[in-house]
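These notes concern the structure reproduced below.
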Number of protein chains: 2
Amino acid sequence: MPTIKDVAREAGVTHAVVSRILNEDPTLTVRPETRERVLSAAARLQYIPNHAARALRHAKAGAVGLAVHDISNPVYSEIIAGAQTAVASHESVLMLADVDELHRDASAFSRMITSKAIDGLVFLPAGTRADEAVLRAASSALPTVVVNDRAPGVHSVSLDDAAAARMATEHLISLGHRDIGVLTLDGDTHRRIDRLAGHEAALRDAGLRSEANWIENGGHTLESGRSGLHRMASRGPLPTAVAVHNATAALGAMRAAAELGLAVPRELSIIGFHDMSFTGFVTPALTVVRLALTELGVRAVDVVFQLIGGEQVEETSTVVDPAPELVIRESTAPVSER
Amino acid sequence: MPTIKDVAREAGVTHAVVSRILNEDPTLTVRPETRERVLSAAARLQYIPNHAARALRHAKAGAVGLAVHDISNPVYSEIIAGAQTAVASHESVLMLADVDELHRDASAFSRMITSKAIDGLVFLPAGTRADEAVLRAASSALPTVVVNDRAPGVHSVSLDDAAAARMATEHLISLGHRDIGVLTLDGDTHRRIDRLAGHEAALRDAGLRSEANWIENGGHTLESGRSGLHRMASRGPLPTAVAVHNATAALGAMRAAAELGLAVPRELSIIGFHDMSFTGFVTPALTVVRLALTELGVRAVDVVFQLIGGEQVEETSTVVDPAPELVIRESTAPVSER
DNA sequence: CTGTTAGCGCCTTCAA
DNA sequence: TTGAAGGCGCTAACAG
């Protein structure tokens, strides 16, 4: 690996000149001829500046962290993909961290957060204890932004959860359903509250009552969605339609419906949240509200970089473009007589 | 952020002493009293060594890269999760990169690979052009290991693809199927070749003929699995059972079966590859061969660190523990008369 | 127009 | 038992 000095020697100048030419220092005036020599020497030696040295000098890591619980969650992977491209456009790299590990292992935490290994942190909370602790510690040490939720005193970018949830429930209402249940998120998150509020607002606007028996936690996993519907069923007659505030949980709910001997959508309409890759491929294909997950990742990273750059940023922002969109497939149908 | 000098001043010693105490230099002898003063000063100031400075000094980044195509692919996310934990146990962090971006954007490539921002690279190939180019360039610059496949001249750790594929097909045979098709991977990968070989070996051992019409590319996505089965159907009568060499593609194939009006498993048995989270939740629940994906990620990272440490490592290794395991659910059934 | 110098924070001989 | 000094590779003042 050639260093800047090798290039300097090769071009017959000092390393300082090489640095200024390569970094296009505007205050520098050089003979085109010298510049040429330096450039070609750099190219010939395939010189690439050393990341660590730069980081040390600039007091900047050139990296942004991404703290997440469960990479295999498809919702997260879409956000991550957005973050990934955004980070690249800021000439940085993405470091992945597991929130639970950060919480469990102090050395992992310091390696990542407090050692200036990253310039900022994007945090995907799930509403756990670990979340709260890690987030508090991280945000006091670094520019931090919470994605897909809000947190007091921390910058965040989220989706219009209330509007999206309202859209889901209104779709069910428009199909004639009057008995509508909800499998909402669990965990202590704002998006849970907002989605539930959107659901209830839709009900209220339609003059429908929100039945306590039909409000249940569905979480964001297959199993939590499945057990959520089972719990609801165990409490009495099911509604004719259920809004599930997560697509993965919606698939779990579909499984539960099958286990209960209920035909979807004839006997039970199910609408999900997020247009994951599998939603169009299961049978019946899942009707969902599609949200701008990739954009969410992009925006979060943008905010982190604004913060790093010392800019003033609104503490909370919402991704409204692209807007939530109803994707009607097969899992919802007009209410039928029973 | 306190530096080592701040700690030294606070403890009334030189920064060299602090460094040696904190790093537990065995050649150092200090009065317990001094050590105590240094340790408590470090704790009081919450001193954390600067990552960049360490990296510069050690000529080590303290990070390992992970190059992947599609984070949202559940197969990958399980491997990534394994890699994540393994990296942490080596006191390092994980950097995420998109292969296609590395291929497209030279600056992204150099930022990651050639600037010593990472000490080694774990590469998850998908058999594309970009793969080949990126892998060649990376492996000449860094300790690199290919996961879930092999590549000439590069270290790799993979699964026992042939055995697993054989296991899948043998399950079908044991159910009495004699007309057995396969939806194998696409892309130019060794695992495709190995899985196909395992499939054909099972057929051969059972005295069954491998029918060209029943060998089709199913890829590793929902859509590729779906269109793969449709293509097979368009060429003539379908077999009574199909081994799909990827679980996601298997779900796509199930969708295609539904579109073709075929009941699974009564009219068509389907077995998938990899026990993804959704496999037990779709209806019918998918029978699969479970492979040690997490372990694969762990092992890959271990090999990278062996390489970084200058150890001699076998060029190719296979994860055989845990062994592939047949998980029988609902999508396969004994052949029925037609 | 280009070279010299200093220092980012850390670790590691070598001296004292 | 501890201090002093040098240098990892790079950038940014300041000289010349």
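We name chains A, B, ... by the order of the sequence lines, and we start the count at 1 in each one.
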- prompt: Do R136(B) and S140(B) have a side chain donor and acceptor closer than 3.5 Å?
  reply: no

message: Any carboxylate oxygen within less than 4.0 angstrom of a Lys/Arg side-chain nitrogen, looking at D149(B) and R191(B)?
response: yes

message: Rounded to whole Å, please give me the gap between NZ in K116(A) and P in dG9(C).
response: 11 Å

message: Less than 4.0 angstrom between a side-chain N/O of T14(B) and OP1 or OP2 of dG3(D), yes or no?
response: yes

field: A61(B) backbone acceptor or donor facing H51(B) side chain under 3.5 Å
entry: yes

task: Provide, to the nearest angstrom, the distance between the CE atom belonging to M1(A) and the C1' atom belonging to dC10(D).
output: 16 Å

Side-chain H-bond candidate by donor/acceptor type, D131(B) with H69(B), under 3.5 Å: yes

- prompt: Tell me: CZ of R37(B) to C1' of dT2(D), nearest whole Å?
  reply: 11 Å

task: Would you mind reading off the distance between I21(A) atom CD1 and dC10(D) atom P, rounded to a whole angstrom?
output: 15 Å

- request: Summarise how protein sits on nucleotides 11-16 of chain C as a single string, 5' to 3': B when a protein heavy atom is under 4.0 Å from the base, S for sugar-phosphate-only contact, - for no contact.
  value: BB----

task: Calculate the interatomic distance between H51(B) atom NE2 and dG9(D) atom P; express it in whole Å.
output: 17 Å

field: Between P of dG9(C) and CG of D6(B), the distance in whole Å
entry: 9 Å

Polar side-chain atom of E315(B) near backbone of S156(B) as donor-acceptor pair, under 3.5 Å: no

- request: Without swapping roles, check the side chain of D302(B) against the backbone of R299(B) for a donor-acceptor pair under 3.5 Å.
  value: no

query: Base, sugar-phosphate alone, or nothing: which one does T29(B) contact when heavy atoms must sit under 4.0 Å apart?
result: base

message: Let me spell it out: for each of A53(A) and P32(A), pick the nucleotide of DNA chain C with the closest heavy atom. Which residue's pick is nearer the 5' end?
response: P32(A)

